[in-house]
Undergrad: 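Dropping a structure here in structure tokens format, bear with me for questions.
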Number of protein chains: 2
Amino acid sequence: MSSPSTRTAILDAAERLFGDIGYAATSMRQLTSRAKVNLAAVNYHFGSKAALAKAVLARAIAPINEERLRRLDALPVRADVRSIVRAFVEPPLRGVDPEGNCSAERVCRVFGRISVEQPPFLETFLRQQFREVGGRFEAALAAALPRLSATTIWWRLHFLVGAMAHTLRNGRTLAALTDGRCDPSDIDALLEHVVSFAVGGFAAQAPLPARTRRSAAPRRGVARSKEIPA
Amino acid sequence: MSSPSTRTAILDAAERLFGDIGYAATSMRQLTSRAKVNLAAVNYHFGSKAALAKAVLARAIAPINEERLRRLDALPVRADVRSIVRAFVEPPLRGVDPEGNCSAERVCRVFGRISVEQPPFLETFLRQQFREVGGRFEAALAAALPRLSATTIWWRLHFLVGAMAHTLRNGRTLAALTDGRCDPSDIDALLEHVVSFAVGGFAAQAPLPARTRRSAAPRRGVARSKEIPA
DNA sequence: CCCCGGTTCGAACGCCCGTTTGAATCGCCC
DNA sequence: GGGCGATTCAAACGGGCGTTCGAACCGGGG
């Protein structure tokens, strides 16, 4: 463990490549040649490609979630929704970056990519990474939005994560569709837009609790709903 | 072209597998054995794996976008935001399904997956698939929300797509985090939640136009959180 | 009947994959 | 200086990849 340079070179290259082209599409030869290390180094230091992916994600996500909680703790007990949302989205978008080592964009892309590919080995890993953070933010938002149920808040937190991740992954498409007028590489603009959208979304009235819904669509084709008896 | 059975068997299997485990992670041998066709059939009918992916996406997306436009056209000229949002999200979530051939969940998953992996050959393809639909909905929303700029509406449309896609891909994580209280396989519930969230998001005040933003903050160390004016 | 375009099939092709191996090399404490 | 763990390295391993090829099969018109 004495020489961190190889390890971190591998982690850096993996973060980049996994973020750019995905986990399955990245080969160890690409990865090691970009990191300028020997092909066998990955298996020596991490054991396998899958374990490397976990290490990449852990390195990317852990400090973000810590910073989120730190900012949440710094808020007054009855903080407003905007502050809570900002505590949630600003760390991943701006990067945590104690010493400039991680570009926020890369970090977030790699998370978006790998979490989306969902190699089976990651499922439980990702859940435990987000359980605590999710719970804390759900509680804070519930305090700020007493009219919303816990499940509604969870839904909306999930939507917020999706909005962020989608934009970080597919920002180029947005830029192209708008002829560059929306520039997702402008993190400040992205941040302000996502915050305002999310604040509005959280403030919205909750949907009716599933019974008296309109549209009474005759076919609910998929939907094997366990449906809490509201 | 006389026998569509092989072609559609391949498309069905590909839709399923690309949606479940991703494009890069799906091998032609898996795919053809699940479709119960010969290995060479894919290259005979589609030319390559990449071309197959395009065909899968086209088959999945085109009818959804057509239905979106149909519903949008059916709205009154000055429709409210909720109706417009519903016209946008209901086709992909419920499925178009003229004759029951496509499960909405599968269709959407495959889109979420492949669009996220973004094999390079898809970039322009996806853009052209969404340019018209995006423009039409942007215009309709702009009419309903005269205080918002076009770019803000594009941002928010993008966020909405992300929220939908993320939930369809990573729904299991949400279910696990909430011990099943949020059930993303309940399409009705998902639909109502995403609509209410998006309506709130669109109704939100637009962010300040970038100039008077705070953000000049020299230190982004820990926790200086309530500096948002207002 | 046979021929023929369209389709299916098994069998390869060449390549690259993730991983392993065993020797070479390094850094350090005795 | 010699010994020794930790690390790096080149070279393979077996296997799976996407794709190609040529022969077999099919059904309908000459």
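Naming: A, B, ... by sequence-line order, numbering from 1 per chain. The model shown is predicted, which means the values in this text are computed figures rather than measured ones. Just the heavy atoms: all of them, side chains too, but no hydrogens, waters or symmetry mates, feed the values below.
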Undergrad: May I ask you to check whether H166(B) and H166(A) place their ring centers less than 6.0 Å from one another?
TA: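 Centroid distance H166(B)-H166(A): not below 6.0 Å, so no.
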
Undergrad: Which one, dG10(C), dT7(C), dA12(D), comes nearest to the side chain of N38(B)?
TA: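 So the nucleotide nearest the side chain must be dG10(C).
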
Undergrad: 5'-most contact on DNA chain C: G47(A) or S27(A), nearest heavy atom basis?
TA: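 Upstream on the strand: S27(A).
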
Undergrad: Measure CZ/F46(B) against C1'/dG18(D) and give the value in whole Å, please.
TA: 16 Å

Undergrad: L39(A) CG to dC17(C) P: how many Å, rounded?
TA: 9 Å

Undergrad: Has the side chain of T178(B) got a donor or acceptor atom that lies under 3.5 Å from a matching backbone atom of C182(B)?
TA: yes

Undergrad: dG18(D) P sits how many Å from L17(B) CG, rounded?
TA: 12 Å

Undergrad: Which of these nucleotides, dC9(D), dT7(C), dT20(C), is closest to any side-chain atom of N43(A)?
TA: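 When the side chain of N43(A) is considered, dT20(C) is the closest of dC9(D), dT7(C), dT20(C).
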
Undergrad: When you get a sec, tell me which of dT19(D), dT7(D), dT19(C) is the closest nucleotide to the side chain of R29(B)?
TA: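 The nucleotide sitting nearest to the side chain is dT19(D).
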
Undergrad: Using OP1 and OP2 only, check whether a side-chain N or O of H45(B) sits under 4.0 Å from dT8(C).
TA: yes

Undergrad: Check the angle between the aromatic planes of F137(A) and F88(A) and answer parallel, tilted or perpendicular using the 30° and 60° thresholds.
TA: perpendicular

Undergrad: Could you state the atom-to-atom distance from CD of Q30(B) to P of dC17(C) in whole Å?
TA: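 So the two atoms are 18 Å apart, to the nearest Å.
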
Undergrad: Does the pair R68(B)/E90(B) count as a salt bridge with the N-to-O cut at 4.0 Å?
TA: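 The answer is no: the pair does not qualify as a salt bridge.
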
Undergrad: The side chain of S48(B) lies closest to which of these nucleotides: dC17(D), dA11(D), dT19(D)?
TA: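 Nearest to the side chain of S48(B) among the choices is dT19(D).
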
Undergrad: Remember a base hit wins even if backbone is also touched, and classify T26(A) as base, sugar-phosphate or nothing at under 4.0 Å, heavy atoms.
TA: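 Contact class for T26(A): sugar-phosphate only.
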
Undergrad: Can you identify which nucleotide, out of dC9(C), dT21(C), dT8(D), has its nearest atom closest to the A40(A) side chain?
TA: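 Shortest atom-to-atom distance from the side chain points to dT21(C).
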
Undergrad: Just the rounded figure in Å: distance from P of dG16(D) to CE of M28(B).
TA: 17 Å

Undergrad: Just N and O in the side chain of T6(A): are any of them under 4.0 Å from OP1 or OP2 of dT8(D)?
TA: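 Result: yes.
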
Undergrad: Roughly, in whole Å, what's the span from CZ in R7(B) to C1' in dT7(C)?
TA: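 After rounding, the gap between these two atoms is 13 Å.
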
Undergrad: Check the orientation of F202(A) and F197(B). Use parallel for under 30°, tilted for 30 to 60°, and perpendicular for over 60°.
TA: perpendicular

Undergrad: Report the nucleotide, chosen from dT7(C), dT7(D), dT19(C), that has the shortest atom-to-atom distance to any side-chain atom of Y44(B).
TA: dT7(C)

